[in-house]
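Nothing here was measured: the structure is a model prediction, and the numbers come from that model. The sequence lines fix the lettering, A, B, ..., with proteins before strands; numbering per chain opens at 1.
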There are 2 protein chains.
Amino acid sequence: MAQAARTPRERYRDQIRTEVKALAREQIATAGASALSLNAIAKQMGMSGPALYRYFAGRDELITELISDAYRSLADAFRAAEADGADLPRLARTLRRWALDDPQRYFLIYGTPVPGYQAPPDTTAIAAEIMAALLDTCARQPARPGPGAGSPLDPHLARHRDWAGDHPAEPAVLRLALLAWTRLHGVLSLELAGQFNGMGFDPEVLFEAELAALTVLPDC
Amino acid sequence: MAQAARTPRERYRDQIRTEVKALAREQIATAGASALSLNAIAKQMGMSGPALYRYFAGRDELITELISDAYRSLADAFRAAEADGADLPRLARTLRRWALDDPQRYFLIYGTPVPGYQAPPDTTAIAAEIMAALLDTCARQPARPGPGAGSPLDPHLARHRDWAGDHPAEPAVLRLALLAWTRLHGVLSLELAGQFNGMGFDPEVLFEAELAALTVLPDC
DNA sequence: TGCGTTCGTTAGAAGTTATAACTCCATCGA
DNA sequence: TCGATGGAGTTATAACTTCTAACGAACGCA
């Protein structure tokens with residue numbers, strides 16, 4: 001997890017920081033990110049108020065770090081699945097399990113944006129890592145036209161492929177990755193937000209149906 | 001808009017309330033809902049602090065009312081489109097324009113949920129109205145198997161159709177409405193959140209591609 | 001054994017939401 | 001036309017919050 005901290009002081013410092021973050025995650029999970037209170041965390045840890053400013057520059061830095069940790073966690077889950085030889089369905093189910101495990105952590109990444117906020121570069125780097133894992137997995141899927149094949153989407157993506165970085169994916173793979181992202185996020189975010197509550201059907205069935213529509217070969 | 005207020009007092013009261021809400025929307029649009037400050041609004045209106053408590057029970061009630069207004073606004077946009085004979089593509093573009101017009105208003109409805117929050121009954125009634133408009137529009141679409149036809153989704157929806165209320169839609173219509181919702185939300189929410197920033201492609205092309213995949217007949 | 005860094009403290013400034021108590025004035029009824 | 005009622009806005013205050021400043025104490029390294 002954390003790289004070896006040499007001095008005992010650094011070890012202690014890291015321990016406090018992770019404890020603070022754990023309590024913060026707990027608080028966010030039960031009352032939302034906007035209810036996060038440094039003071040409350042300090043009290044829970046038995047120290048009073050401003051002590052936490054030795055460890056975090058402020059509330060914003062703590063939240064930023066939690067966001068970065070969330071990205072890191074998802075990227076790790078994806079890499080682990082990939083290393084295990086997962087195909088797109090397995091990667092998607094990894095995503096769903098990861099999201100259901102802590103919905104607010106999912107929303108830390110894909111939820112309502114704060115208008116002014118700009119993610120730090122290291123966070124966007126992890127985001128690119130996640131996208132790369134998705135692209136890799138999509139590239140290993142059997143050949144397809146797939147959903148949206150006839151549309152102007154493929155030529156458009158062929159011309160605008162900056163986001164794929166140096167990934168040598170053909171447009172059909174870019175399209176599959178993009179549609180997998182948006183469709184799975186569509187189902188998942190609405191489920192996590194409770195928008196399906198009281199509607200009666202099983203969100204997992206809907207998720208699996210979207211997954212099938214993405215991967216089943218004869219789509220046209 | 002507002003029903004006729006008889007007494008001048010009530011008229012004044014309504015005027016203040018709408019002015020407060022306008023400033024609140026402005027604040028949310030520029031700094032997010034968590035940055036909404038009653039005090040700041042009061043100052044902007046030239047009155048001091050606690051005066052606003054004559055008009056709103058508190059911050060929560062103001063936000064709740066803004067959420068309800070957002071639902072109402074979307075429902076009105078949908079009903080207007082429906083009255084204009086819109087089909088699913090036009091309804092979808094109505095949604096997109098409505099969302100782009102004020103992204104934070106979209107997130108007030110479909111964004112990160114606050115764990116404890118329970119929407120008041122009148123709000124869920126408007127949500128049902130929105131769903132009804134979507135179902136009506138989908139029912140008028142030409143016959144299809146459409147996306148995900150072969151999956152277990154149709155029989156599942158045939159058994160769990162509480163959310164359709166008394167709408168006499170066949171399972172294929174339920175499926176189309178549900179997939180339209182989740183897929184369009186998937187593309188739209190990621191666009192509004194800025195997740196596509198720097199990726200190069202045009203979100204509108206992606207949106208239209210998803211729309212085409214939903215409506216083009218020969219999907220299988 | 002010292003000395004410097006780091007930790008945690010209290011004090012305090014500047015914000016916030018929200019309540020209480022008070023004044024003032026418009027409106028409504030007699 | 002007068003007067004009681006009630007709504008509007010005010011200040012004061014409590015209880016929060018984030019965050020800075022200044023101090024003391026403890027820890028670890030040389």
Side-chain angles (χ1 to χ4, degrees), chain A residues 2 4-67 108 114-117, chain B residues 2 4-67 108 114-117:
Chain A
R6 355 194 190 310
T7 100
R9 268 229 159 111
E10 281 180 14
R11 210 129 43 108
Y12 177 73
R13 187 179 174 79
D14 281 6
Q15 181 184 328
I16 297 283
R17 281 176 61 93
T18 63
E19 190 176 345
V20 168
K21 293 203 278 187
L23 288 171
R25 270 190 296 272
E26 202 174 299
Q27 226 174 76
I28 287 178
T30 61
S34 62
L36 191 153
S37 160
L38 285 189
N39 249 325
I41 293 175
K43 239 174 238 171
Q44 282 179 40
M45 294 185 61
M47 44 172 134
S48 248
L52 291 194
Y53 287 82
R54 297 275 173 207
Y55 302 94
F56 296 92
R59 212 185 91 112
D60 283 3
E61 188 183 288
L62 174 56
I63 292 185
T64 296
E65 200 147 325
L66 291 174
I67 294 174
L108 237 35
V114 176
Y117 184 77
Chain B
R6 355 193 192 312
T7 101
R9 268 229 161 110
E10 280 180 15
R11 214 138 28 118
Y12 177 74
R13 188 179 173 79
D14 280 7
Q15 182 183 329
I16 297 284
R17 281 176 61 94
T18 63
E19 191 176 344
V20 169
K21 291 203 280 187
L23 289 172
R25 270 190 297 271
E26 203 174 299
Q27 227 175 74
I28 288 178
T30 61
S34 63
L36 192 153
S37 159
L38 285 189
N39 249 326
I41 293 174
K43 240 175 237 170
Q44 281 179 38
M45 295 184 60
M47 44 170 135
S48 247
L52 291 194
Y53 287 81
R54 295 276 171 202
Y55 302 94
F56 296 93
R59 215 185 90 113
D60 283 2
E61 188 184 286
L62 175 56
I63 292 185
T64 295
E65 200 148 324
L66 292 174
I67 293 174
L108 237 32
V114 177
Y117 184 77

Q. What does nucleotides 25-30 of chain C look like as a protein-contact string, B for base, S for sugar-phosphate only, - for none, at under 4.0 angstrom between heavy atoms?
A. --S---

Q: From the options D:dG9, C:dC7, D:dT20, select the nucleotide whose nearest atom is closest to the side chain of B:Tyr55.
A: D:dG9

Q. Roughly how many Å is it from CZ in A:Arg13 to C1' in C:dT5, rounded to a whole number?
A. 12 Å

Q) Just how far is it from atom CG of A:Leu23 to atom OG1 of A:Thr18, taken to the nearest 0.5 Å? A) 9.5 Å

Q. Of all heavy-atom pairs between A:Ala42 and A:Gly49, which one has the smallest distance, and what is that distance?
A. CB-N, 3.7 Å

(Q) Counting only heavy atoms and a strict 4.0 angstrom limit, can you tell me which residues of residues 15-30 of chain B come near DNA chain D? (A) none

Q: Compute the bend angle of the helix from C:dT1-D:dA30 to C:dA30-D:dT1 from the end axes (five pairs per end), rounded to 10°.
A: 10°

Q. Got B:Tyr117 and B:Asp60 here, is their nearest side-chain heavy-atom distance under 4.5 Å?
A. no

**Q.** Spacing between A:Glu10 atom CD and D:dC29 atom P, to the nearest angstrom
**A.** 10 Å

Q.
In this structure, how many angstroms lie between the P atom of C:dC7 and the CZ atom of A:Arg11, rounded?
A. 15 Å

Q: Among C:dT17, D:dT18, D:dC19, find the nucleotide with the atom closest to the side chain of A:Ser37.
A: D:dT18

Between the protein and nucleotides 23-25 of chain D, list every N/O to N/O distance that falls short of 3.5 Å.
none

Q) B:Ala29 and A:Pro115: which non-hydrogen atoms are nearest, and at how many Å? A) O-CG, 3.7 Å

Q.
Categorize B:Phe56 for me: base, sugar-phosphate, or nothing, with a 4.0 angstrom heavy-atom threshold over every strand shown.
A. nothing

Q | Residue pairs, two or more places apart or on separate chains, that pass salt bridge (Lys or Arg N to Asp or Glu O under 4.0 Å) and touch residues 18-47 of chain A | A | A:Lys21-A:Glu65, A:Lys21-A:Asp69

Q. Can you name the nearest heavy-atom pair linking A:Ala31 to A:Ala35, along with the distance?
A. O-CB, 3.5 Å

Q: Can you see which heavy atom on A:Leu66 is nearest to which on A:Ala24, and at what distance?
A: CD1-CB, 3.8 Å

Q.
B:Ile41 vs B:Leu62, test: side chain to side chain contact (heavy atoms under 4.5 Å, CB included). Steps then yes/no.
A. CA-CA 12 Å; B:Ile41 293 174; B:Leu62 175 56; 4.2 Å; yes

Q. For B:Gln27 and B:Ala40, which heavy atoms make the closest approach, and how far apart are they?
A. NE2-CB, 3.7 Å

Q | Within residues 38-47 of chain A, residues whose heavy atoms come under 4.0 Å of DNA chain D | A | A:Leu38, A:Asn39

Q) How about B:Val20 and B:Tyr55: do any of their side-chain heavy atoms sit closer than 4.5 Å? A) no

Q | Separation of atom OH in B:Tyr53 from atom C1' in C:dA20, rounded to whole Å | A | 13 Å

Q: State the CZ-OG1 distance between B:Phe56 and B:Thr64, to the nearest 0.5 angstrom.
A: 11.0 Å

Q. What's the spacing between B:Arg11 CZ and B:Ile16 CD1 if we round to 0.5 Å?
A. 13.5 Å

Q: Mark yes or no for whether B:Arg13, through its side chain, and B:Arg54, through its backbone, hold a donor-acceptor pair below 3.5 Å.
A: yes

Q | 5' priority, DNA chain D, between B:Pro50 and A:Ala57 [closest heavy atom] | A | B:Pro50

Q: Specify the closest pair of heavy atoms between B:Leu36 and B:Ile28, including all atoms of both residues, with the distance to one decimal.
A: CD1-CD1, 3.5 Å

Q) Nearest-Å distance, CG (A:Leu52) to P (D:dC19)? A) 11 Å

Q | Nearest-angstrom distance from the residue atom CG of B:Leu62 to P of C:dA18 | A | 10 Å

Q | Closest to the A:Tyr12 side chain, choosing from C:dT17, C:dG8, D:dG9 | A | C:dG8

**Q.** Atom pair OH/CZ of A:Tyr12 and A:Arg17 - distance to nearest 0.5 Å
**A.** 13.5 Å

